[in-house]
2 protein chains.
Amino acid sequence: MALRHAVLAALLDGEYSGYQLAKGFDIGVANFWHALPQQLYAELAKLEREGLVEGREVVQETRPNKRLFRVTAAGRAELEAFAEAPSKPSFIRDDLLVKVQAADRIGTTAVIEQLEERAVAAEAKIQLLGALLRQLRGDADEEEFLRRGERIGGYLTCLRGLTFEQEHRDWCRRIAGILRERQAGHVER
Amino acid sequence: MALRHAVLAALLDGEYSGYQLAKGFDIGVANFWHALPQQLYAELAKLEREGLVEGREVVQETRPNKRLFRVTAAGRAELEAFAEAPSKPSFIRDDLLVKVQAADRIGTTAVIEQLEERAVAAEAKIQLLGALLRQLRGDADEEEFLRRGERIGGYLTCLRGLTFEQEHRDWCRRIAGILRERQAGHVER
DNA sequence: AGAGTCATGTAAGCTGTTACATGATTCG
DNA sequence: CGAATCATGTAACAGCTTACATGACTCT
């Protein structure tokens with residue numbers, strides 16, 4: 001299983017609705033898992049049927065009602081079992097890498113553009129993660145926070161996300177530069 | 001679509017059978033896409049029905065016969081269209097990150113072990129990719145090769161894989177260290 | 001007035017994983 | 001003699017994406 005554990009981990013921090021998770025999956029937890037709203041609604045319904053989360057209806061006057069979920073004891077046990085089971089290997093799965101792989105055989109112009117767009121997007125995410133990290137650690141410096149902070153899980157995963165995005169940005173810029181120079185050299189077909 | 005383009009990109013380098021692709025997906029192309037043999041056989045059959053690849057039977061005496069595939073003109077056109085279409089954003093999707101996220105709420109011992117195993121696996125992959133890169137660029141140094149080499153696509157994607165694995169290894173070691181120290185500090189439940 | 005946000009879902013289709021099945025050859 | 005390699009698939013299931021559907025409220 002997959003998404004279910006990401007959802008359970010996200011819900012350890014408090015109560016969230018499907019909608020809130022769908023938003024939040026773009027920051028915090030989202031560094032390492034993404035999901036569309038539809039999938040989250042479906043997964044929450046399934047987790048509730050299995051008794052791993054509990055939902056309660058929150059009536060709102062000016063907006064549609066929502067259902068907030070929290071992890072049950074059974075859900076926590078499920079997460080613990082998951083943590084002890086072997087992990088599947090991680091890998092990058094990325095359209096752009098496929099395109100770069102083929103870049104010397106097919107046209108490079110579009111690929112260069114996409115690399116540059118990606119670099120910009122990565123930079124934006126770096127800023128976002130930097131702000132999130134500062135916010136999570138508060139006044140403390142990083143070392144101090146990691147030694148004594150209460151909730152460091154999210155911080156640690158954001159650190160991974162940050163270096164990933166930095167490498168991603170640097171690679172995109174470098175490859176775009178290399179391909180551009182090669183275009184300038186031999187005449188582009 | 002997804003796997004189909006990774007397969008087409010891999011087949012640009014020459015003729016391969018499903019079995020060979022399944023092996024090769026663990027090196028080269030595999031830095032950014034992985035697939036099980038079953039999926040490759042299915043995808044190759046589909047690509048052939050659609051006329052994007054062509055297979056030819058190679059009769060072998062001492063081993064089972066095999067079918068070697070190469071990309072057709074239509075397949076190349078398909079790849080070119082793919083390269084010009086916008087790419088989906090890339091993200092890490094990793095069980096271990098889910099576990100680290102929850103690590104301060106559930107038991108950490110198993111997670112620390114897995115982080116250390118991962119670091120070892122990452123190190124092995126780093127060695128492998130380093131060797132592959134040296135082999136691809138031959139005698140030339142990297143800058144020279146990237147300026148004038150014929151087939152640099154695979155090299156560029158391996159570079160991405162290499163830094164990814166290095167960051168992955170470093171992160172695993174650092175997080176394992178942090179979690180271990182915290183275990184030593186406050187008594188483990 | 002139109003776009004965007006809050007809020008939740010269903011249904012269909014595509015992609016990916018796991019289990020099962022076969023059979024000869026080579027290596028230790 | 002047993003395990004691994006070469007070589008190809010089928011079938012069932014799980015997971016993910018895309019399209020469709022609804023409806024009130026808020027901001028420009």
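So that the names make sense, note that chain A is the first sequence line, chain B the second, and so on, each numbered from 1.
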[X] [atom1] to [N] [atom2]: how many Å, rounded?
{"X": "A:Glu57", "N": "C:dC6", "atom1": "CD", "atom2": "P", "result": "18 Å"}
{"X": "B:Leu36", "N": "D:dG9", "atom1": "CG", "atom2": "P", "result": "16 Å"}
{"X": "A:Leu40", "N": "C:dA7", "atom1": "CG", "atom2": "P", "result": "15 Å"}

With a cut-off of less than 4.0 Å, is there a side-chain N or O of [X] near OP1 or OP2 of [N]?
{"X": "A:Thr62", "N": "D:dA24", "result": "no"}
{"X": "B:His34", "N": "C:dG16", "result": "no"}
{"X": "B:Gln39", "N": "C:dT15", "result": "no"}
{"X": "B:Tyr19", "N": "D:dT8", "result": "no"}
{"X": "A:Arg4", "N": "D:dG15", "result": "no"}
{"X": "B:Lys46", "N": "C:dC14", "result": "no"}
{"X": "A:Lys23", "N": "C:dC6", "result": "yes"}
{"X": "A:Arg93", "N": "C:dG16", "result": "yes"}
{"X": "A:Lys88", "N": "C:dT17", "result": "no"}
{"X": "A:Tyr41", "N": "C:dG9", "result": "no"}

Run the side chain to side chain contact (heavy atoms under 4.5 Å, CB included) test on A:Leu156 and A:Leu146 for me, step by step, so that the C-alpha distance in whole Å, both residues' side-chain angles and the decisive distance to 0.1 Å come before the verdict. CA-CA 9 Å; A:Leu156 297 174; A:Leu146 291 176; 3.7 Å; yes

Intermediate values then yes/no, salt bridge (Lys or Arg N to Asp or Glu O under 4.0 Å), A:Asp94 and B:Lys88: CA-CA 7 Å; A:Asp94 187 344; B:Lys88 295 181 189 163; over 6 Å; no

Measure centre to centre between the rings of A:Tyr16 and A:Phe69, then say whether the value is under 6.0 Å.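 Judged by ring-centre distance (under 6.0 Å), A:Tyr16 and A:Phe69 do not meet the cut-off.
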
Aromatic contact between A:Phe32 and B:Phe91, with the criterion being ring centroids under 6.0 Å apart: yes or no?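 No, they do not, as the ring centres are separated by 6.0 Å or more.
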
With DNA chain C as reference, determine whether A:Ser17 or B:Glu61 sits nearer its 5' end, using the nearest nucleotide of each.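 Final value for this comparison: A:Ser17.
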
May I ask you to say what B:Gln60 touches in the nucleic acid, namely base, sugar-phosphate or nothing, with a heavy-atom cut-off under 4.0 Å? sugar-phosphate

